[in-house]
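One structure is given below, encoded as structure tokens.
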Amino acid sequence: MNSKSKPKQFLEMHGKPIIIYTLEYFNEHPEIDAICIVCLYGWEKELERLLTSYNIHKVKWVTTGGETGHDSIFNGLKVMKNDLQDKDVVIIHDGVRPLISKELIDKNIKTVALYGNSITVEKANESIVQINDNGIIDNVPSRAKMRIAKAPQCFRFEEIWTVHEQAQKDGFKSIDSAHLLHYYGHTLHTVESTPYNIKIATPSDFYVFRALFEAMENSQIFGI
Ligand SMILES: C[C@](O)(CO)[C@H](O)COP(=O)(O)O
């Protein structure tokens, strides 16, 4: 949904870029020590300007994105590697999920502390069907067990680094970190997302974001 002039994470809502809404949750969270941003090539200067302007002071590393999400995450891990200990917790989030909450960050941190990793998921409230190459449904999994993988996805540095290194050797590209760890046989633990943790991927998502944001500001939505 990138506009003609801007990639979606830099689009503004009420004068503030989406990426800043997202970053503010991490910047203000007491248990977040440092932030790494993997930035779209060519937008680094604009990002630096925004970080200064909105005082996002916890950003310690900015690096350039790769061709895929998988490559971008690996770029982020590489730039942080020398500063992190194996047991440090890495919380991987999408810049275009600005309705994350402190509560969801808290839940993820607690789950990593207990089990070693944490994948944010949402219950599927519609049926999910698997199709074959001809568009024919060949599997209808039980909806009760279906979850939609979201972000944040959180790991000890050692665990996420090891699978990325292995994937480099194997030439394997994952859809996201949950997929990558599952591929290499790791046990993954889940936390249920807070509501409204939407990913802004299409123009309609942008309008949903605006409506939700305004409703939250006016306390019209119960349970935020
Ligand atoms: C991590 C994620 O948000 C889970 O749904 C998603 O996989 C990210 O996908 P993207 O295509 O890299 O935005």
Side-chain angles (χ1 to χ4, degrees), residues 1-3 6-11 17-23 25-26 32 35-41 43 47 62-80 89-101 103-105 107-109 111-112 117-130 141 143 145-157 159-161 163-164 167-168 172-184 186 188-206 208-209 212:
M1 70 160 284
N2 298 338
S3 79
K6 282 182 184 175
K8 57 194 172 198
Q9 57 274 41
F10 289 96
L11 291 180
I18 290 172
I19 182 81
I20 298 297
Y21 284 97
T22 308
L23 282 167
Y25 279 103
F26 290 93
I32 303 290
I35 300 171
C36 172
I37 305 181
V38 182
C39 182
L40 189 64
Y41 174 76
W43 283 82
L47 177 70
V62 175
T63 188
T64 307
E67 281 198 6
T68 64
H70 176 107
D71 298 325
S72 294
I73 292 171
F74 191 43
N75 287 356
L77 296 171
K78 280 189 282 191
V79 79
M80 294 191 295
V89 176
V90 178
I91 300 179
I92 302 172
H93 194 58
D94 301 323
V96 289
R97 281 189 194 274
L99 293 179
I100 186 173
S101 59
E103 182 197 343
L104 186 54
I105 298 173
K107 270 165 88 171
N108 272 282
I109 291 173
T111 303
V112 177
N117 57 44
S118 173
I119 306 297
T120 304
V121 297
E122 187 175 275
K123 278 187 183 155
N125 60 9
E126 295 176 87
S127 301
I128 294 180
V129 297
Q130 185 174 355
R143 191 198 296 182
K145 289 194 175 162
M146 287 298 108
R147 298 290 182 273
I148 299 164
K150 303 219 152 198
Q153 302 192 348
C154 314
F155 311 92
R156 300 275 179 199
F157 179 75
E159 183 175 41
I160 186 76
W161 176 259
V163 287
H164 267 277
Q168 282 298 112
F172 175 68
K173 296 276 170 133
S174 61
I175 300 165
D176 65 10
S177 306
H179 178 212
L180 180 60
L181 274 92
H182 179 71
Y183 180 83
Y184 284 113
H186 291 232
L188 291 168
H189 298 264
T190 59
V191 294
E192 198 168 320
S193 185
T194 44
Y196 321 122
N197 179 24
I198 59 166
K199 183 169 93 170
I200 302 178
T202 65
S204 66
D205 296 332
F206 181 84
V208 171
F209 165 48
L212 288 171

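Just so it is clear, the values below take in all heavy atoms, side chains as well, and ignore hydrogens, waters and symmetry mates. Whatever order the structure lists ligands and atoms in, that order sets their numbers, starting from 1.
A pairwise comparison of heavy atoms in Lys8 and Val96 identifies CG-CG1, 3.8 Å as the closest pair.
For the salt bridge (charged side-chain N to carboxylate O under 4.0 Å, His left out) criterion with Glu122, the lone passing option out of Arg147, Arg97, Lys150 is Lys150. When each of Glu159, Gln153, Met80 is checked for a side-chain contact (heavy atoms from CB on, under 4.5 Å) with Val90, only Met80 meets the rule.
For atom 6 (C) of ligand 1, the closest heavy atom belonging to the protein is Lys199 NZ, 4.0 Å. Nearest protein heavy-atom contact of atom 5 (O) of ligand 1 is Ala149 O, 2.7 Å. Nearest protein neighbour of atom 2 (C) of ligand 1, counting heavy atoms only, is Asp94 OD2, 3.6 Å.
For a threshold of 3.5 Å applied to N or O pairs, the pair formed by Gln153 and ligand 1 contains no separation below that value.
If you number the atoms of ligand 1 from 1 as listed, the ones under 4.0 Å from a heavy atom of Asp176 come out as 1 (C), 4 (C), 7 (O).
Between Tyr183 and Ser174 there is no side-chain heavy-atom pair separated by less than 4.5 Å. Annotation: side chain of Ile160 is in contact with side chain of Leu181 (closest heavy-atom distance under 4.5 Å).
Judged by the shortest distance from any of its heavy atoms, Arg97 lies inside the 4.0 Å radius around the atoms of ligand 1.
In this pair, His179 and Phe172 present their aromatic rings perpendicular. The plane angle is above 60°, beyond the 30 to 60° band.
Atom 12 (O) of ligand 1 lies below 4.0 Å from none of the non-hydrogen atoms of the protein.
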